[in-house]
Amino acid sequence: MRRQVPLVLCFLFGITMTIQYYVPSRFSEDLKSEVLNWGLIIGPFALVLAIATLVRLHYTRIQRRSENWPYSIVVFVGLIVMAVVGTVQGFTSQGISGGPFEWIFNNIQVPMDATMFALLAFFIASAAYRAFRARTLEATLLLVAALLVMFGNAPIGDLIWQKISPVRPNLPSEVRQWILDNPNLSSRRAIIMGISLGAISQSLRIILGIERSYLGGGE
Amino acid sequence: MIEKLMSLDRRYVFALVGLAVIIPTLLMIRFPIYVSQPTQNIYDFIEGLSEGEVVMIAFDYGPSSLAELNPMAIAVLRHCFRKRLRVIGMTLWPVGATLGDTLMREVAHEFDTTEGEDYVYLGYRPGVTNVLLQMGEDISAVFAEDYSGTPISEHPMMADVKNYNDIALVVDLAAGASVEGAWIPYTYTGYKQKIAAGVTGVIVSQLYPYLQTGQLVGLMPGLLGAAEYEKLIEQPGKGTAGMSAQSIVHLLVIVLVIVGNVAYFTTRRREQNAEVY
């Protein structure tokens, strides 16, 4: 039953909503609206599931004293503090706009998150120096394209070019734009077509019950 | 010398990057900015809207990308408020909710605007696909209340805004796959909603096919896109300021890649010659 019911529901809703898309009638529109409302109600349960999984994972880490287990305590502290402050503020004032919830977010999460991401610039520069080598023809093409796009992406590129040549003052920017508009666009489109065909076939496999991995491995 | 370059301690590279960011920022060097056509298209579209028309801005990013996307959001909001357009803010990212709220209020205070009449911030609701599809039917079915908890039926500006039919443009400011994974397939394809995007530098190239097909009105590329938009609205901000550091760091990376390759090939040639003899 645990496998049959989801398979039947998936088939029924998949077929119904596919047909609905091609039927422009009042009934069809009402059906769509109703199903979307259901989706909106069911959607937040995924958050509950995510929190339950997070709690279980980090509780196990603490219990087993796994590597870096003290960080799991930080996860619990953050989770509890934000949930309690947000909930209390939600009941006592007008939503979670402003107040301590916003203060904690703006003064703790924002600077820490931004700092972590900013560190990437240092590692990218170091990695580019060590690993970006023109070893093969493909790697050389990639490297030349990357250098031209980077040069055009920074306003100093045009400025340097203007000092070198009086012809076409924005040539680096134009070259960057040409690379993005032509070789990049065509290759990306090919990738999108491939992904889309794969997504359609995978969707059909799920709707028809051929692909069942989303049900999990348990019986 | 070449051997030293090949085994250069990465801390020297880190120090160079640090200096390349700090020095131009402190010196406040400004470079001329060339506006790309995709950014110009967004500006032209918004410029062509009439007073009172509605623009929806989606803050689909978190704190990690705010350095690139906040300046874009500020520039677009300034343009909208200056033109007396009505703005609806929302997000598909839970961490974007507070960011969007703070930013909209900050920019709205620069202008003679009233919350509920000139702008509304709806916040976040879970369930990306269902949120986007249901907003195409009825926004109030998804967001019964705004981010502050006020029923949206109490906001005068929402009286004539029911769904996408009443929104002239959606501007998705994105750090992830929300443009091509959500807004285009569900909102453009399903409801023919006009969409523009401002995205982080790493995902710009992915979105060019949607520009050519007209599924995107325009596209702002990373911090450079913010600087371009600031130039268009003639109000320089953090995007323009950031261009000095970005320019020098890009140059530094180009030099590092060239030096790295020269050192690599010189070493390889020496090793090959040594093997021959």
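Below, chain A is the first sequence line, B the second, and so on; all start at residue 1. What you see is a predicted model, and the numbers here were worked out from it, not measured in a lab.
A/Leu36 contributes atom CG, which lies 11.5 Å from atom CG of B/Asp138 (distance to the nearest 0.5 angstrom). Taken from CG in B/Leu207 to CD1 in A/Ile192, the straight-line distance is 8.0 Å, to the nearest 0.5 Å. Taking CD1 of A/Ile41 as the start and CG of B/Asn130 as the end, the distance is 10.0 Å to the nearest 0.5 Å. Atom CG of A/Asp181 is separated from atom CG of B/Leu211 by 8.0 Å, given to the nearest 0.5 angstrom.
Enclosure of atom OH in B/Tyr188 by more than 12 non-hydrogen atoms of other residues, nucleotides or ligands within 6.0 angstrom is indicated. In A/Phe27, the CZ atom is not crowded: 12 or fewer heavy atoms of neighbouring residues, nucleotides or ligands sit closer than 6.0 Å. Within a 6.0 Å radius of OH in A/Tyr71, no more than 12 heavy atoms belonging to other residues, nucleotides or ligands are found. At most 12 heavy atoms of other shown residues, nucleotides or ligands fall within 6.0 angstrom of atom CE in A/Met116. In this structure, A/Arg135 places its CZ atom where more than 12 heavy-atom neighbours from other residues, nucleotides or ligands lie under 6.0 Å away.
Most heavy-atom pairs under 4.5 Å with chain A, from the set B/Gly127, B/Ser65, B/Ser205, B/Ala263: that is B/Ser205. Interface remark: of the candidates A/Ala128, A/Ser186, A/Ala118, A/Ser126, A/Ser126 forms the most heavy-atom pairs closer than 4.5 Å to chain B. Listed options A/Val110, A/Thr115, A/Ile191 were ranked by heavy-atom pairs under 4.5 angstrom with chain B; first place goes to A/Val110. For chain A, the option among B/Val131, B/Val255, B/Ile33, B/Leu251 with the highest count of heavy-atom pairs below 4.5 Å is B/Leu251. In terms of heavy-atom pairs under 4.5 angstrom with chain A, the leader among B/Ile258, B/Leu224, B/Val259 is B/Leu224. Ranked by heavy-atom pairs under 4.5 Å with chain B, the first of A/Ala134, A/Ala121, A/Pro44 is A/Ala134. Note: A/Lys32 leads A/Lys32, A/Met112, A/Gln162 in heavy-atom pairs under 4.5 Å with chain B.
Neither the backbone nor the side chain of B/Glu145 comes within contact range of chain A; no heavy atoms are under 4.5 Å apart. Within the 4.5 angstrom heavy-atom criterion, atoms from both the backbone and the side chain of A/Met150 approach chain B. Proximity to chain A involves both the backbone and the side chain of B/Leu8, based on heavy atoms less than 4.5 angstrom apart. Contacts of A/Leu159 with chain B are made by side-chain atoms alone, with heavy-atom separations under 4.5 Å and no backbone atom involved. For A/Asn106, the part lying under 4.5 angstrom from a heavy atom of chain B is the side chain only. With a 4.5 angstrom heavy-atom cutoff, A/Ile160 touches chain B only via side-chain atoms. Using a 4.5 Å cut-off between heavy atoms, B/Leu99 contacts chain A through both its backbone and its side chain. B/Leu66 touches chain A through its side chain: at least one heavy atom from C-beta onward sits under 4.5 Å away, while N, CA, C and O do not. With a threshold of 4.5 angstrom between heavy atoms, B/Val17 approaches chain A through its backbone and through its side chain. When heavy atoms are compared at a cutoff of 4.5 Å, B/Ala67 does not approach chain A at all. With a 4.5 Å cut-off on non-hydrogen atoms, B/Glu137 touches chain A through its side chain but not through its backbone. Of the atoms belonging to B/Val249, not a single heavy atom falls under 4.5 Å from chain A. With a 4.5 Å cut-off on non-hydrogen atoms, A/Phe151 touches chain B through its backbone and its side chain both. Using a 4.5 Å cut-off between heavy atoms, A/Asn153 contacts chain B through both its backbone and its side chain. Looking at B/Arg105, the atoms closer than 4.5 Å to chain A (heavy atoms on both sides) all sit in the side chain, from C-beta outward. Residue contact with chain B, scored on non-hydrogen atoms closer than 4.5 Å, is absent for A/Leu120. For a residue to count as touching a neighbouring chain, one of its non-hydrogen atoms must lie under 4.5 Å from one of that chain's; by this rule B/Pro94 does not touch chain A. For chain B, the nearby part of A/Tyr21 is the side chain; its heavy atoms alone come within less than 4.5 Å. The parts of B/Leu133 that come within reach of chain A are both its backbone and its side chain, each placing non-hydrogen atoms under 4.5 angstrom from that chain. Contacts between B/Phe265 and chain A at a heavy-atom distance below 4.5 Å involve the side chain alone, from C-beta outward. At a 4.5 Å heavy-atom cutoff, the contact between A/Leu47 and chain B is made by side-chain atoms alone. At a 4.5 Å heavy-atom cutoff, the contact between A/Phe132 and chain B is made by backbone and side-chain atoms alike.
Judged by distance alone, the side chain of B/Arg10 and the main-chain N or O of A/Phe122 form no donor-acceptor pair under 3.5 Å. A/Asp158 contributes no side-chain N or O that, together with a main-chain N or O of B/Pro32, makes up a donor-acceptor pair within less than 3.5 Å.
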Next item on the list: Take B/Asn261 and A/Leu143 through the side chain to side chain contact (heavy atoms under 4.5 Å, CB included) test and state the conclusion after the steps.
Entry: CA-CA 10 Å; B/Asn261 274 278; A/Leu143 192 141; 3.5 Å; yes

Margin query: Run A/Leu40 and B/Val142 through side chain to side chain contact (heavy atoms under 4.5 Å, CB included) and show every step you take.
Written below: CA-CA 8 Å; A/Leu40 281 171; B/Val142 186; 4.0 Å; yes

Item checked: CA sep, side-chain torsions, deciding dist, call: B/Glu180, A/Ile195, side chain to side chain contact (heavy atoms under 4.5 Å, CB included) -> CA-CA 12 Å; B/Glu180 61 175 335; A/Ile195 292 172; over 6 Å; no

Checklist line | Verdict with supporting geometry, B/His250 and A/Ile156, side chain to side chain contact (heavy atoms under 4.5 Å, CB included) | finding: CA-CA 9 Å; B/His250 275 207; A/Ile156 199 171; over 6 Å; no

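The shortest distance between side-chain heavy atoms of B/Pro63 and A/Phe105 falls below 4.5 Å.
Contact detail for B/Pro221 and A/Arg176: the closest heavy-atom pair is CG-NH1, 4.4 Å. The minimum heavy-atom distance linking A/Ala154 with B/Gln246 is given by the pair CB-O, 4.4 Å. In plain terms, the two heavy atoms of B/Ser64 and A/Phe117 that are nearest each other are O-CD2, 3.0 Å.
Each of A/Gln177, A/Arg188, A/Arg189 was compared with B/Tyr208 under the side chain to side chain donor-acceptor pair (under 3.5 Å) criterion, and only A/Gln177 meets it.
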